[in-house]
Undergrad: 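Following this message is one structure expressed as structure tokens.
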Amino acid sequence: MRVIFILSIVCASFLMACQSNLRPETLPILGNKDVGPNGDTIYHTIPDFSFIDQDSQVVNNASFAGKAYVADFFFIACPTICPKTSKQMLRIHDHFKDNPNLLLLAHSVAPKYDTVAALNRYARNLGVESKKWHFVTGDQAKIYEIAGSYFSIAQEDPTAPGGFDHSGRLILVDKNRHVRSFCDGTDPEDVDRFMLDIQTLLNEK
Amino acid sequence: MRNKIIVLCFAIGVFCFSCETQTYEHGKLLYTNFCENCHMADGTGLKGLIPPLAGADFLKNSPEAVPCIIRAGYKGKMTVNGKEYDTEMAGIERLTEFEITNIINYIHTSWGNNLPIVQHPDVREQLKACEKNTKPF
């Protein structure tokens, strides 16, 4: 009897040790680092932005104050990977629906076609609301520029299917505008791992 | 003699069987390349934007319309399993009659779908009707 008791404690601690080995308690801050004037580290930071969402609201850095968010780049008429990445974004949305500290931000890389009205319809058909998930349009050059800060690509390319090229990457940004994790939004297993990263970030103090 | 016949029957059986799975393998490959981005690997589509193919009543109710949708696409409202969809699907013109037949048979036998196998001559007729733009639905 005693033996079983001890054995189960050993097993339990072993399992716990395994788990903490697999899942770091904090996520790294990604991107280039600089050294500031006082010798402190300056991390890669998402710059200021201002776009318009599906409910005609201005969406800027202040919209995410104190919150983490997942960003991606897509366009409505996209015949290739977008429906897949949108489906994975929807999974993340549904999983963290009741956690007010996580929002979603989808940028259109074809803003001249993806008007506020078109984005509104798209969001409604996905069954989501702007208070959780912003779909933004705006100045095309500004959107393409900020894609670089998210380590993503976005460009107009007549030879690409649908006329626009972009990566299907999902990017996790923390409340200090630092990029903390990313994944391939077309690969459900990579998104599984990404969702654990999101939880890790949300657990950080 | 009897043994030989049994062996022959067995061989033919295996041959036919492998032929059939081959067809769906081909359909599956085509599905992955041409349909999966939108209708998803598990045929579930995307919420209110893209209708499912898994368990879709549309396949049962309007089978004659499917080859045409694959080749010529579809614009306008359609109802699948009681839900209305209104996103344009672009046609995939480069698929041949055979390829379309194989894709449909893959869909008809996947994700719990248990729909009749379609034959190439029927698909050909349905595609002809489609060209004349006399949509059967």
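Here is the naming used below: chain letters follow the sequence lines, and residue numbers restart at 1 for every chain. Here the structure is a predicted model, which is why all the values come from computation and not from measurement.
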Undergrad: Where does A:Arg124 contact chain B at under 4.5 Å (heavy atoms): side chain, backbone, both or neither?
TA: neither
Undergrad: Quick one: what part of B:Leu49 sits under 4.5 Å from any heavy atom of chain A, side chain, backbone, both or neither?
TA: both
Undergrad: Sort A:Leu90 into side chain, backbone, both or neither according to what part of it lies under 4.5 angstrom from a heavy atom of chain B.
TA: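 Contact with chain B is through the side chain of A:Leu90 alone.
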Undergrad: Using disulfide (SG to SG under 2.5 Å) as the criterion, list what pairs up with A:Cys183, not counting sequence neighbours.
TA: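 Checked A:Cys183 against disulfide (SG to SG under 2.5 Å); zero matches.
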Undergrad: Rounded to the nearest 0.5 Å, what's the gap from CG on B:Leu46 to CG on A:Leu126? Could you check?
TA: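 B:Leu46 atom CG to A:Leu126 atom CG measures 5.0 Å (nearest 0.5 Å).
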Undergrad: Tell me, for B:Glu88 versus chain A, whether the close heavy atoms (under 4.5 Å) come from the side chain, the backbone, both or neither.
TA: neither
Undergrad: Count the heavy atoms belonging to other residues, nucleotides or ligands that lie under 6.0 Å from CD of A:Glu129, then report whether that count exceeds 12.
TA: no
Undergrad: If you look at every heavy atom in A:Pro83 and B:Cys38, which pair is closest and at what distance?
TA: CG-SG, 3.9 Å
Undergrad: Check the pair A:Thr186 / B:Asn37 against side chain to side chain contact (heavy atoms under 4.5 Å, CB included), numbers first and verdict last.
TA: CA-CA 9 Å; A:Thr186 64; B:Asn37 271 326; over 6 Å; no
Undergrad: Just wondering, are more than 12 heavy atoms of other shown residues or ligands nearer than 6.0 Å to CZ in B:Phe98?
TA: no
Undergrad: Donor-acceptor check, side chain of B:Lys47 to backbone of A:Lys87, threshold 3.5 angstrom: yes or no?
TA: no
Undergrad: Check this for me: A:Asn32, atom CG, are more than 12 non-hydrogen atoms of other residues, nucleotides or ligands nearer than 6.0 Å?
TA: no
